[in-house]
**Student:** 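Submitted below is the structure of interest, expressed as structure tokens.
Residue numbers start at 1 and run along the sequence shown. Read the numbers this way: they start at 1 and go in the same order the structure lists the ligands and their atoms.
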Amino acid sequence: MKDDNSPASGEEPPSGRRLQPLKEFHSAGRGFWRDVSAADWDDWRWQLKHRITTPEQLQRLMPTLTPEEFAGAKLANHKLALAITPYFFNLIDPLDEQCPIRQQVIPRIEETHTAAWEMSDPCGEDSHSPVPGLVHRYPDRVLFLVTDRCAAYCRYCTRSRLVSNATGYDFHPEFDQQIAYIAQHPEVRDVLLSGGDPLLLSDDKLESLLGRLRAIPHVEFLRLGSRIPTFLPQRITPALCAMLKKFHPLFMSVHSNHPRELTTEVRDALGRLADAGIPLGNQSVLLKHVNDDATVMKAHLQKLLMCRVKPYYLYQCDLISGSAHLRVSVRKGIEIMTELRGHTTGYAVPQYVIDAPGGGGKVPINPDYVLSHNADRVVLRNYEGKIFEYPEAADGTPLSPPPKKIEEPELV
Ligand code: SF4
């Protein structure tokens with residue numbers, strides 16, 4: 001078996017001095033809610049009930065709110081609602097305008113600036129939806145949208161047309177229709193429950209839904225996509241975990257973007273899910289002032305492993321309307337990936353992808369490690385930039401023979 005410790009990794013670069021503090025686990029604390037009882041604070045329904053949802057509340061709790069943020073918050077409920085759980089609010093640094101937590105959940109007026117290439121449905125989900133609330137884009141799997149509500153709202157959300165119902169999308173999933181479609185399509189072996197956040201359903205409702213899906217013989221594999229472990233770790237109760245473990249194989253994709261989101265509360269919640277036998281993967285979005293820095297990214301990925309979560313995807317931010325201020329160049333994304341591969345544990349390295357605009361699906365984006373490839377040999381660059389040759393096997397033909405003439409690609 002090959003190990004991924006070779007060659008020796010050498011000394012940690014100077015950035016290592018920034019790495020360790022980023023990897024420390026801290027509690028979010030109580031902040032303004034220090035007088036609330038522990039029973040209330042740890043109750044996920046209390047957290048939901050006390051979310052920050054108005055510009056006035058936000059300004060009262062954070063007098064350092066900038067005019068751009070206040071104006072954004074005033075308009076948010078016409079675009080994508082403002083909502084932040086008290087727990088998550090405590091992670092915001094009110095003195096840092098570029099705080100990575102603040103960037104993710106506090107609206108800005110820039111959300112109203114849109115470019116011609118931005119879209120309300122950048123992944124083309126609505127055009128791949130055979131019944132309301134179901135997206136069938138890939139051959140063997142479906143996306144099952146269960147709700148349009150989330151514990152808090154991410155300002156870069158790909159489904160902002162739908163979640164929070166701020167724009168009147170009028171989302172009414174029909175579980176009967178969605179389940180009937182899956183039952184009638186034996187090619188569907190994998191069902192991803194998402195939304196909105198499926199963990200906002202009560203235990204009973206979620207159990208009933210998972211049970212109905214499990215009863216379909218050709219559904220091999222169930223997945224939950226949830227931001228709740230980071231927005232509302234209180235929701236990950238022992239009772240929820242005991243219920244979920246009845247439906248294995250059940251995987252969960254969580255969503256975290258910055259090491260500061262991985263608090264002791266989140267680590268404990270993820271531990272409860274892992275103890276219930278649920279394999280955990282993380283999906284991050286590459287975001288300006290959040291994780292567009294190789295050291296921050298590395299700390300986040302290593303910290304995820306410490307929380308028993310495998311970094312799964314790193315998404316290039318979708319072309320969602322009003323997200324330009326949060327997007328980072330693909331060039332920067334590739335640079336960051338180059339600083340990860342070989343420089344840290346392979347398990348820590350996610351796949352960087354662009355969800356092809358308009359519904360083309362996820363396209364992997366990798367730094368160029370294959371410099372050339374012909375019938376005799378492959379020329380490779382390793383993570384240190386050293387060049388190696390690998391003799392091609394006798395039956396080998398180049399993966400991508402050079403085109404006879406360069407043709408303009410057809411844009412879809
Ligand atoms: S939790 Fe997910 S669905 Fe909800 S706002 Fe964030 S990215 Fe969108």
Side-chain angles (χ1 to χ4, degrees), residues 44 47-48 51-53 72-73 76-85 87-89 91-92 100-108 111 118-123 125-126 129 133-135 143-167 169 171 173 192-201 206 223-236 252-258 261-262 266 269-270 280-288 290-291 309 312-323 326-327 350 353 355 362:
W44 64 279
Q47 288 280 339
L48 286 177
R51 289 182 301 176
I52 296 121
T53 55
N77 289 335
H78 302 285
K79 183 182 177 293
L80 170 65
L82 159 69
I84 311 171
T85 55
Y87 159 83
F88 200 73
F89 180 84
L91 298 178
I92 294 173
I101 307 298
R102 188 168 176 162
Q103 303 297 319
Q104 294 184 60
V105 290
I106 295 192
R108 293 185 63 88
E111 288 181 19
E118 292 181 334
M119 294 168 248
S120 64
D121 180 15
C123 299
E125 292 181 338
D126 290 346
S129 181
L134 197 85
V135 180
L143 170 65
F144 191 123
L145 302 175
V146 300
T147 173
D148 60 358
R149 300 302 144 119
C150 302
Y153 293 108
C154 313
R155 305 321 304 172
Y156 49 85
C157 177
T158 280
R159 283 191 204 117
S160 53
R161 73 188 184 285
L162 180 160
V163 300
S164 86
N165 199 30
T167 56
Y169 185 90
F171 178 73
L192 166 60
L193 298 186
S194 184
D197 205 308
L199 293 187
L200 282 187
L201 266 51
L206 191 55
R223 285 188 282 166
L224 289 167
S226 177
R227 180 79 149 119
I228 287 243
T230 44
F231 276 157
L232 185 62
Q234 296 80 1
R235 172 69 182 103
I236 312 299
M252 190 179 293
S253 293
V254 301
H255 176 172
S256 162
N257 295 315
H258 187 275
E261 289 171 62
L262 301 174
V266 169
L270 293 168
L280 300 169
N282 184 67
Q283 316 200 79
S284 288
V285 181
L286 182 62
L287 296 168
K288 195 179 283 182
V290 176
N291 53 16
V309 180
Y312 179 34
Y313 282 127
L314 171 65
Y315 287 94
Q316 176 66 17
C317 187
D318 290 326
L319 298 173
I320 191 75
S321 299
S323 63
L326 289 168
R327 286 203 298 275
V353 289
D355 227 321
K362 295 177 190 69

**Student:** Less than 4.0 angstrom from a charged side-chain N to a carboxylate O is my criterion; do Arg227 and Asp197 meet it?
**Tutor:**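 No, Arg227 and Asp197 are not salt-bridged.
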**Student:** Gln103 vs Leu287, test: side-chain contact (heavy atoms from CB on, under 4.5 Å). Steps then yes/no.
**Tutor:** CA-CA 9 Å; Gln103 303 297 319; Leu287 296 168; over 6 Å; no
**Student:** Would you say that Thr230 contacts Val254 through its side chain, given a criterion of any heavy-atom pair below 4.5 Å between the two side chains?
**Tutor:**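 Answer no - side chains too far apart.
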**Student:** Please report how many protein N/O/S atoms lie under 2.8 Å from atom 4 (Fe) of ligand 1.
**Tutor:**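 With waters ignored, the protein N/O/S count below 2.8 Å is 1.
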**Student:** Is a side-chain donor-acceptor pair under 3.5 Å present for Arg235 with Ser226?
**Tutor:**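 There is no such pair (donor and acceptor under 3.5 Å, judged by atom type) between the side chains of Ser226 and Arg235.
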**Student:** Do Arg51 and Phe89 touch side chain to side chain, with heavy atoms closer than 4.5 Å?
**Tutor:**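 Result no, sub-4.5 Å side-chain heavy-atom pair not found.
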**Student:** Look at atom 2 (Fe) of ligand 1 and say which protein heavy atom is nearest, naming residue and atom and giving the distance to 0.1 Å.
**Tutor:**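 For atom 2 (Fe) of ligand 1, the nearest protein heavy atom comes out as His255 ND1, 4.4 Å.
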**Student:** Going by atom types only, do Asn257 and Tyr156 share a side-chain donor-acceptor pair under 3.5 Å?
**Tutor:**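 Yes, a side-chain donor-acceptor pair sits under 3.5 Å.
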